[in-house]
Amino acid sequence: MAVVTGAGVSAAAGAFAAGAGAGRGVVSDFGPLAREVRAAGLLARRRGFYARLMVGNVAATAGWWGVVWWWGWSWWVVLVGVPLAVVSARTAFLGHDAGHRQIAGSARVNRWWGLAFGNAMLGMGYGWWNDKHNRHHAHPNEVGRDPDVGEGVLAWTRSQAAGRRGAAAWVVAHQAALFFPLLLLEGVNLRVGSVLFLRGRPLRTRVVEGGLLAVHAVGYAALVLVLVLVGPVKGAVLVAVHQGLFGLHLGSAFAHNHKGMAMPAPGERWDHLRRQVLTSRNVRGGLVTDWLLGGLNYQVEHHLFPSVPRCSLRRVQPLVRAHCARVGLPYCEAGAVESYRAALAHMHGVGAELRA
């Protein structure tokens, strides 16, 4: 089957999922693909790549905060919030990769890298993120099992929308228009979720993760203190620009991936290949796209092989695309604008009855 592009992929995937190919008892077609990827050496760790990435990230973070301290007397310093947001998103991508054990062969080493980049540098709990994100990978777009399509401010299915009342109903009715503005608060949401996750966790987890979150909070406050001393409004604006654009950038990178794609019905069982391919969308582009989206533009390949280092996903893609063609499976690939349009169209459709 040819590559499906644009909004038509959702209908194609849905039609395929409704047929016998995604039904109960299907023989998995994933094994041959996995052997092909392994034989090509694409499961190997890329330690040099990640060493350069991590050193560069730490240097860029320190450098831009150095500019803040040097330029703190001027209102122009608030513009530094833009590159700080971009660098923070790069930090989040490193934490994401550590969670998938892409950086090192040892689970323990990956965890410590995740704690360093997530809790200490970003203020986002590695344990919270890993728990949530791994559940998403196990059951993408499956209501009741994937936390990314669970009940929240937004609704992902018409049944979720039907239960909203008052202000919550108004938000869902207009959620497509509100989606990107709401992402400005995503940085705050990630931090709140990280802290709430620690309640009821083992003492060691609370001490390690909570302690590193506290280190981040104190360090961040100290970094903006110079701005507060010359003007608290200036400091508040810098923080708002930094955190708002960070949330927008990070949320936008994840927005392409599954919204508007096939959603398994309750009790429906798909094999690994179909569960990951039919629910995922790739974003076309070159090296700039790879950098801006942290490799998440290869969402199909990432979901099939989550431990593959992001720099190897470009080489995995032709193998996956060819395999999907051999087994007759729709493979979704769209431009950035197309993918956002499809995602927002799905959100708009979910809230249709609330606008009536």
Side-chain angles (χ1 to χ4, degrees), residues 1-5 9-10 12-47 49 96-107 110 130 133-142 144-146 148-149 257-258 261-284 290 295-334:
M1 182 174 292
V3 173
V4 182
T5 61
V9 71
S10 299
F16 188 93
R24 294 179 181 274
V26 68
V27 176
S28 175
D29 293 307
F30 179 67
L33 174 61
R35 288 191 290 272
E36 189 176 7
V37 171
R38 183 180 296 277
L42 297 174
L43 297 179
R45 298 294 178 269
R46 298 290 297 275
R47 292 179 178 83
F49 167 80
H96 166 271
D97 293 358
H100 285 299
R101 303 185 182 181
Q102 295 178 16
I103 297 176
S106 163
N110 279 299
N130 218 29
H133 195 59
N134 285 342
R135 285 186 286 130
H136 156 70
H137 266 261
H139 303 281
N141 264 14
E142 188 173 343
R145 306 184 80 174
D146 180 359
D148 288 356
V149 292
N257 303 342
H258 304 282
M261 295 301 296
M263 300 183 74
E268 195 169 18
R269 294 171 57 191
W270 299 358
D271 73 313
H272 178 70
L273 182 69
R274 287 158 178 80
R275 182 169 58 247
Q276 305 300 345
V277 173
L278 295 177
T279 61
S280 302
R281 177 192 295 112
N282 277 12
V283 180
R284 287 193 300 269
D290 293 358
L296 297 176
N297 45 312
Y298 302 104
Q299 192 65 194
V300 176
E301 290 73 26
H302 171 58
H303 261 254
L304 287 170
F305 301 98
S307 65
V308 166
R310 77 168 85 155
C311 56
S312 297
L313 291 174
R314 177 179 284 272
R315 294 172 58 200
V316 174
Q317 184 183 39
L319 302 180
V320 173
R321 186 191 285 122
H323 186 73
C324 287
R326 282 195 297 270
V327 301
L329 193 62
Y331 177 97
C332 177
E333 189 175 33

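Just so it is clear, the structure is predicted and the values come from calculations on it, not from any experiment.
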To the nearest 0.5 Å, what is the distance between [atom1] ([X]) and [atom2] ([Y])?
X	Y	atom1	atom2	result
Ser307	Leu42	OG	CG	11.0 Å
Arg326	Arg321	CZ	CZ	12.5 Å
Cys324	Leu304	SG	CG	7.0 Å
Leu33	Glu301	CG	CD	9.0 Å
Asn297	Arg281	CG	CZ	13.0 Å
His303	Leu296	NE2	CG	8.5 Å

Where the side chain of Asn110 meets the backbone of Ala104, is there a donor-acceptor pair that is under 3.5 Å apart?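 Such a contact is found between Asn110 side chain and Ala104 backbone.
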Do side-chain atoms of Arg275 reach the backbone of Pro140 as a donor and acceptor pair under 3.5 angstrom?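 It does not hold such a pair.
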Below 4.5 Å, heavy atoms only, C-beta onward: do [X] and [Y] meet side chain to side chain?
X	Y	result
Gln317	Asn282	yes
Pro330	Leu278	yes
Leu329	His323	no
Thr279	Pro264	yes
Tyr298	Val316	no

Indicate whether the side chain of Asp146 and that of His136 have a donor and an acceptor atom separated by less than 3.5 Å. yes
Contacts of [X] that satisfy side-chain hydrogen bond (donor to acceptor under 3.5 Å, both in side chains) - sequence neighbours left out:
X	value
Gln102	Tyr50
Asn141	none
His137	His100, His133, His302

Minimal heavy-atom distance between Pro309 and Ala44, with the atoms involved, is CG-O, 3.3 Å
Check Arg47 against Gly105 and note the closest heavy-atom contact, atom names and distance. NH2-N, 3.7 Å
Heavy-atom count check: over 12 atoms from other residues, nucleotides or ligands less than 6.0 Å from Arg315 CZ?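 No, CZ of Arg315 has 12 or fewer neighbouring heavy atoms, counting only those of other groups under 6.0 Å.
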Under the criterion side-chain contact (heavy atoms from CB on, under 4.5 Å), I'd like the reasoning laid out for His258 against Asp148: C-alpha separation, chi angles, the key distance, then a yes or no. CA-CA 9 Å; His258 304 282; Asp148 288 356; 5.8 Å; no
If the condition is ring-ring contact (aromatic ring centres under 6.0 Å, His included), which residues does Phe305 pass it with, not counting sequence neighbours?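 So Phe305 forms a ring-ring contact (aromatic ring centres under 6.0 Å, His included) with Phe30.
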Among residues at least two apart in sequence or on other chains, which ones pass side chain to side chain contact (heavy atoms under 4.5 Å, CB included) with Arg135? Asp131, Lys132, Pro147
Mind jotting down which residue pairs meet the salt bridge (Lys or Arg N to Asp or Glu O under 4.0 Å) criterion with at least one end in residues 302-311? Sequence neighbours excluded, please. Asp97-Arg310
